[in-house]
A.B. asks: 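Before I ask anything, here is the structure I am working with.
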Amino acid sequence: MSAYSRSLDKIQTSYQFTDKEMARMDYTLKVFFYETSKLLFYFLFFLCIGKYSEFVVCLIALLPLRWISGGLHLKHYWSCFLFSFLFFSVIILALDGCVLPQEVQIILLTLCNIFLYLIGPVTSEKRKTMTLKRYQGMRYLSSGILFVYTILYFVLENVPHRSIVFWSIILQIIQLFCARLVRKGEIYEKV
């Protein structure tokens, strides 16, 4: 038995948590560790290659959208690690210098706003099915955030790493669309 398992057993015995409560605690601790370890590696990697500020901008642009609208959820740590690493790397290393004409940007961001509203949040299958009211609230919130991003994107034309914000939005919506296609089961309760 590992030190981690012994610690969880001791916590359960000391505080008389149920097995379900302990499973939740175990899941939360693992998610925290996995996400922290991934972010630490990404920070160090992009710092070493001189793209730290680009990574920070990409992360800040993605986090609110990803947390609220969801996306692809892979089953294993290493597949998630590699997918996320490739996701950030494509935006930062391949697309950063790719600037489309403003008319194309307007069309793409408008389509992203429409798709996000139509697709709605796509949560992990590990999470319980949400109520229709919560689903609609998350849909409106994620659409509202993207709408604000879109307005700020066109108002603040001299922001450093602006194209990273643009491509972060585009790839997040593509990812969300793919997540919706592969999602099995209901996302919200049909009453």
A.B. asks: How are the rings of Phe46 and Phe88 set relative to one another: parallel (under 30°), tilted (30 to 60°) or perpendicular (over 60°)?
C.D. replies: perpendicular

A.B. asks: Ser143 and Asn113: side chain to side chain donor-acceptor pair (under 3.5 Å), yes or no, with the steps?
C.D. replies: CA-CA 6 Å; Ser143 296; Asn113 277 278; over 6 Å; no

A.B. asks: Taking a hydrophobic cluster as the set of Ile, Leu, Val, Met, Phe, Trp and Tyr residues connected by side-chain heavy atoms closer than 4.5 Å, whether directly or through intermediates, do Val182 and Leu116 fall within one such cluster?
C.D. replies: yes

A.B. asks: Would you call Ile91 and Asp96 a side-chain contact if the rule is heavy atoms closer than 4.5 Å?
C.D. replies: no

A.B. asks: Between Gln136 and Lys133 (side chain of the first, backbone of the second, donor and acceptor by atom type, cut-off under 3.5 Å), is there such a pair?
C.D. replies: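 Side chain of Gln136 to backbone of Lys133: no pair is present.
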
A.B. asks: Are any side-chain N or O atoms of Gln175 and backbone N or O atoms of Gly71, one a donor and one an acceptor, separated by less than 3.5 Å?
C.D. replies: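 A pair under 3.5 Å: no.
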
A.B. asks: Where does the angle between the aromatic ring planes of Phe81 and Tyr77 fall among parallel (under 30°), tilted (30 to 60°) and perpendicular (over 60°)?
C.D. replies: tilted

A.B. asks: Quick one: sort the Tyr117 and Tyr140 rings into parallel, tilted or perpendicular, breaks at 30° and 60°.
C.D. replies: parallel

A.B. asks: Just so I know, are the side chains of Arg162 and Val57 near enough to count as touching, which here means a heavy-atom distance under 4.5 Å?
C.D. replies: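 In short, these two side chains do not touch, never coming nearer than 4.5 Å.
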
A.B. asks: Can you find a heavy atom in the side chain of Lys38 that is under 4.5 Å from one in the side chain of Phe85?
C.D. replies: no

A.B. asks: Going by heavy atoms in the side chains, are Tyr153 and Phe166 under 4.5 Å from each other?
C.D. replies: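 Sidechains of Phe166 and Tyr153: in contact.
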
A.B. asks: Is Leu39 close to Phe55 at the side-chain level, that is, under 4.5 Å between some pair of heavy atoms?
C.D. replies: yes

